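Working notes for the structure below.
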Amino acid sequence: MAAAADIVRARGITTDSELGPLFDSPPPGADAEVLKRLRQMYEAGGWVLVESGIADMPADLRWLFESGAVTLEQLAAVHRALGATSAADLAAAIHDQRMSGAAGLDATVESAIASALPTLRTHIPRIPLGRAIGIAEPILHHVRSIPGVQWAEPAGSLRRGEELIGDIELIVSTDRAGEAIDEFLRGQDVTRTLHRSPRRLYVLIDRVQVGIRFPEPDNAGASLLYLTGSAAHFDALRAHAQSIGWRLTSRGLHAAADGALRPAPTEAEIYSALGLPWVPPEIRQGEDEVAIAARGELPVLVASEDIRGDLHMHSTYSDGRDSIDAMVEACRALGYEYMAITDHSQHSAATRSLTVDGVKRQADEIAALRERFDDITILHGCEVDILIDGTLDFPDRVLEQFDIVLASLHERAGQEGDKLLKRYLAAMRHPLVTMITHPTNRLVPYREGYDLDYDRLFEAAAETKTILEVDGAPAHLDLDGALARRAVAAGAMVSVDSDSHRTDVLERQMYLGIVTARRGWVEPRHVANTRSIADLRALIAAKR
Ligand code: DGT
């Protein structure tokens with residue numbers, strides 16, 4: 001069908017519904033057989049574009065076909081009968097027993113799809129959270145400005161703040177879906193449209209698939225809830241619903257007695273009908289959150305508004321791109337009450353590092369900036385390397401001159417966990433060390449974190465009153481949520497920082513840090529940089 005693909009491409013056709021005019025006025029010289037086949041497919045209900053080899057379709061469906069799980073005809077039938085465009089739709093159709101028996105579908109197709117589903121998403125290339133947010137944010141901003149849009153939110157792993165994202169999915173509540181889609185396409189730099197139907201649009205933007213659903217406002221909360229997941233959270237909610245006389249499906253909340261759907265314009269309505277507080281997406285991990293919510297014991301998680309300053313950033317004195325002056329201006333613009341300039345010491349293997357001489361010059365520069373600005377407290381700090389024997393990369397007489405000392409391992413390989421732990425413990429016992437940065441030293445998605453006894457590390461942090469960092473640099477996100485939860489449970493205090501090397505990432509990386517901390521159930525009281533500058537100074541002094 002290559003000739004069909006050429007015809008369709010030449011006409012710039014991207015959806016089945018645009019094909020009608022092609023048959024009314026076929027291009028000169030077009031192969032009559034090809035056109036006949038196209039028309040048959042079109043009249044059978046669409047899917048011509050797939051059949052014609054263009055195969056522009058949402059990634060989950062494409063993989064289902066390419067993996068050999070189903071034929072194109074079967075895929076077309078699934079799409080036609082169920083309107084399915086993603087793995088989540090297919091999972092819902094199977095769970096609700098809507099697949100087998102739908103036109104053109106039988107138990108064989110259902111079981112082929114059911115066995116492909118668990119691995120399907122692992123075959124989709126994943127992108128880092130920071131990149132996904134970078135793409136999704138301007139899109140959301142645009143969509144929210146479209147007339148008739150009541151709200152727009154990300155869904156899936158992006159909304160839950162996972163470190164790697166399969167695809168970007170957005171839910172837009174509007175009763176004017178068609179106009180919203182047209183307006184969206186007018187305002188965006190879309191590489192390709194993969195699918196368009198009355199309430200769905202899948203496009204490629206910046207090489208990433210963005211799927212947008214435009215559910216009716218009356219029940220848009222149900223779509224957002226299901227598509228935010230996680231699957232495990234949704235399953236836990238479903239079990240809770242059943243235990244109190246409701247049936248929860250991907251379509252919403254049904255009364256158990258007559259199956260009637262209870263409208264849910266927002267998610268909060270569903271949680272509330274289930275007798276639960278709204279659960280923040282970052283902790284919808286299907287662990288214990290539904291049980292804790294049911295007991296009324298969900299904590300209030302740390303949020304952007306709680307953060308008073310950023311305690312970890314670099315300048316041109318080490319491997320940062322921008323001057324201290326520029327970093328200060330940017331932190332003032334973010335409204336911080338305080339900030340710390342924390343350049344690397346010499347063993348860090350950073351492209352540039354802070355020398356002992358540099359410390360003095362830096363101190364003078366910071367003193368001058370303090371004279372200029374009285375609306376922000378500038379702490380002079382450093383990120384000192386922990387050396388192989390557990391000592392620090394600056395002598396104490398230098399470290400004493402800093403307002404705050406962050407210590408880190410930059411060991412990339414080669415030492416076992418107990419040796420690394422010993423080095424950490426030695427550094428934490430040092431009275432001048434306030435914080436351990438990015439404790440696992442992982443590099444998302446390339447390098448796993450250190451394999452060491454983290455419970456021992458967290459205990460030591462609590463004992464020595466050393467703060468542990470939740471570092472928001474996209475390649476760190478370290479501690480991650482699971483470890484941060486264990487750290488605060490062990491009584492350790494954390495600090496959420498950006499670890500920025502440029503002014504323009506200060507805000508984004510702090511946000512990524514907050515999302516990560518929220519995934520760890522971290523509350524404002526656990527976070528050092530939610531404190532006032534006086535309290536923060538007292539924390540630092542208490543250890544010295
Ligand atoms: P991703 O895109 O692979 O990073 O991960 P998600 O979580 O965004 O997954 P996605 O896009 O396949 O599906 C979106 C949501 O739909 C998911 O978070 C929960 C729901 N969902 C998908 N599959 C299932 C399933 O098998 N069972 C249940 N209960 N929910 C599912």
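Both counts, for ligands and for their atoms, begin at 1 and track the order of listing. Because the structure is predicted, anything quoted here is derived from the model rather than measured.
From the protein, the heavy atom lying nearest to atom 2 (O) of ligand 1 is R121 NH1, 2.4 Å. Protein heavy atom in closest approach to atom 20 (C) of ligand 1: Y226 O, 3.3 Å.
Of all the heavy atoms in P280 and L298, the pair that sits closest is CD-CD1, 4.2 Å.
Residue contacts with ligand 1: R126 is included, with a non-hydrogen atom under 4.0 Å away.
The side-chain heavy atoms of R321 and T503, taken from C-beta on, include a pair separated by under 4.5 Å. By the 4.5 Å heavy-atom criterion applied to side chains, P474 and L512 are counted as neighbours.
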Residues D478, T440; criterion side chain to side chain donor-acceptor pair (under 3.5 Å); working and verdict: CA-CA 6 Å; D478 177 5; T440 82; 3.0 Å; yes

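When each atom of ligand 1 is checked for a heavy atom of G156 under 4.0 Å away, the hits are 8 (O). Every atom of ligand 1 is numbered from 1 in the order shown, and the set under 4.0 Å from a heavy atom of D167 is 2 (O), 11 (O). Near A91, the atoms of ligand 1 lying under 4.0 angstrom from a non-hydrogen atom of the residue are 23 (N), 24 (C), 25 (C), 26 (O).
Polar contact with ligand 1: absent for E169 (N/O pair, distance under 3.5 Å).
Within the set A231, A132, S157, the minimum heavy-atom distance to atom 8 (O) of ligand 1 is found for S157.
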